[in-house]
Each structure stands twice: as C-alpha cells, then as structure tokens.
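Contents: one structure, followed by commentary.
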Amino acid sequence: MTSLSLNNPLILHDKRPIGVFDSGVGGISVLKHIHTLMPHEDLLYVADSKHAPYGSRMPAEITARCFEIADFLIANNSKALVVACNTATAASIDAMRLKYHIPIIGMEPAVKPAAEASKNGIIGVLATVGTLKSAQFAALLENYGRNVEVVTQACVGLVECVERGELSHPSTLHLIQQYCRPLIDEGADTIVLGCTHYPFLRHLIEQVVSKEVALIDTGAAVAKYLQKRLQELGLLDVNKEISKEKSEEKSMVTFYSNSNADNAKQVISQLWGRPADIKHF
Ligand code: DGL
C-alpha cells in the first residue's frame, strides 16, 4: 500500500500519518517543527524511553530498536518516517532504507551550516558518544569541516536529564557548564546542538555561553526537507489542508511511550507544550 502511493502520482492527498521517533522524548523538538510547518498532517510519535540513551549502545542494538519501532509505525499506517535522533540516524538509517520502502528522513549534526555561519572558523559540536564515534560523523567532518576547527564534546548524562524532565535543575546546569567549557575555551563562535534532546536545554546553554555565540539546531530544516519530499512524492494531505482553511478540522498527534517513569505523561506534555495523552508502546 505504501509503495502504491510512492509510485502513483495520481494520489495527491494522503491521509496517512507521518511516523516520528527517537530514543526518547528528544525528538519532540523536531515534532514541534513538523507540526508547526504542516499542522494539517496527522503525526505519530514513538518515544523509546525504556531504551534511552542510545548514545552508549552498540550500532547493531540501535538498529534492532529502529526496526522494531519502524515496524510498529508502518503497521500503524505511516506514510513516511522521521528518525528524529542523530544517534539512531548515524547507526541505522542505511539499514532502514534498505529494509523499508517508504521515505525515511534522518538527522545529522549541522556541521555544514555551522561551518558556513562561523565568523572565526571555530565551531563546537555537542552530541552523544555514539554520534561522535560514527562513520557518518567522520564523513561530515571530512566533507564540511575541513576549513574550520571543530571542537567536539560528548555530553554523557544530558539525554537522561531531559528524559527526567529536569530542564532547569542545578545538576543539568552543572553538566552544561562542564560540557560547554572546552568549546568556550577554544573560542567557538558557533555551537551545533547535535542531539534532538538538547534544544530543550537551549536556555541553559545560552546562560553559559556568550550572547555572541550562535546555537544551531536542525529541527526546522528537517521539517522543511520532510515537507519537500512529501510534496515531490504526492504524499501530503492536501485535502485536509484545503478543508482546514474552511473548517477548523484538527490533525491528530498521537504519542506512544514505553517509559516506566511515573511522570512520563507529565514530561511529554511539558516538552510538547500542552497536555498529551500517552499510549503504551
Ligand atoms: N535524541 C537523540 C539524538 O539526537 C539522543 C540519543 C540518545 O538517546 O543517546 O542523538
């Protein structure tokens, strides 16, 4: 059914949802951009919080998680997938694209835009151990980091802070201070938020680094790229978009989580910015 839509240009509106997932709640930072740009599209979001963080896991283990989640999202009729996780993209996107025949959009740290934006030629990258150790990241540096100095910093523990909803906790600020220090000391004027959990800590990072430092996150660019791909493939829900202008037809955003935490619903609602119902995944 999915390949039918891909191959059939006559289908110009596709009511099926877009499936988005992350190791946990971080991908909600990307989901927000997608929802803002395409408010008429139904969205499914899977937070694999029981297995977060992915950053310290082996690539094969991450790929097995991605397959399980993709199977679930496709079984729930997703027309496209967004891997809203830099670590999972680095570990698994090639294997996913071989296995599934629907559009799969991934994320990578914004080294290219940062290198272009930097005035002094020194950029910092905050990311997980898994992302920084990956072949994809090495290729990014090779392709776009040659003419700049790139200071990388693995941020062990930050994903967990966001998972717990500790967005302004003193221990979260302490980690941010520790991880931003080397970037500040090297004089980075542009810092890449190379993990989708980190945009939720932007306010703390801004407290720690100088006002002159630009923080770059790729959520908005990924949402735009997703829209472009869906448009090219005739997969946008054009009918709903048109009818939304006339009526106030609401799109559905459905959250799935396998978190055991008592406050899972509260954390997701806090990050999403409004009350969210959570289904078990
Ligand atoms: N949000 C994920 C990312 O963008 C976090 C990975 C993890 O769970 O370590 O990399």
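Ligands are counted one by one from 1 in listed order, and the atoms in each one are counted from 1 as well.
Contacts with ligand 1 closer than 4.0 Å are made by heavy atoms of both the backbone and the side chain of Thr87. Residue contacts with ligand 1 for Cys195 involve both N, CA, C or O and side-chain atoms from C-beta outward (heavy atoms, distance under 4.0 Å). Proximity of Asn86 to ligand 1, defined as any heavy-atom pair under 4.0 Å, is shared by backbone and side chain alike.
Those atoms of ligand 1 with a heavy atom of His197 less than 4.0 angstrom away are 1 (N), 2 (C), 5 (C). Contact atoms of ligand 1 toward Pro53: 7 (C), 8 (O), 9 (O) (distance under 4.0 Å to a heavy atom of the residue). Using a 4.0 Å cut-off to heavy atoms of Thr128, the atoms of ligand 1 that qualify are 6 (C), 9 (O), 10 (O). Every atom of ligand 1 is numbered from 1 in the order shown, and the set under 4.0 Å from a heavy atom of Tyr54 is 7 (C), 8 (O), 9 (O).
Residues passing the salt bridge (charged side-chain N to carboxylate O under 4.0 Å, His left out) test with Lys224: none are found, sequence neighbours excluded.
A distance of 15.0 Å separates NZ of Lys99 from CG of Asp94, quoted to the nearest 0.5 Å.
A tilted orientation is assigned to the rings of Trp272 and His35, their planes being inclined by 30° to 60°.
Considering both main-chain and side-chain atoms, Cys85 never comes within under 3.5 Å of ligand 1 through any nitrogen or oxygen pair.
In this structure the side chain of Asp42 never reaches within 4.5 angstrom of the side chain of Asp237, judged on heavy atoms.
Ionic pairing of Lys79 and Glu41 is present here: one or more N-O contacts between side-chain nitrogen and carboxylate oxygen are shorter than 4.0 angstrom.
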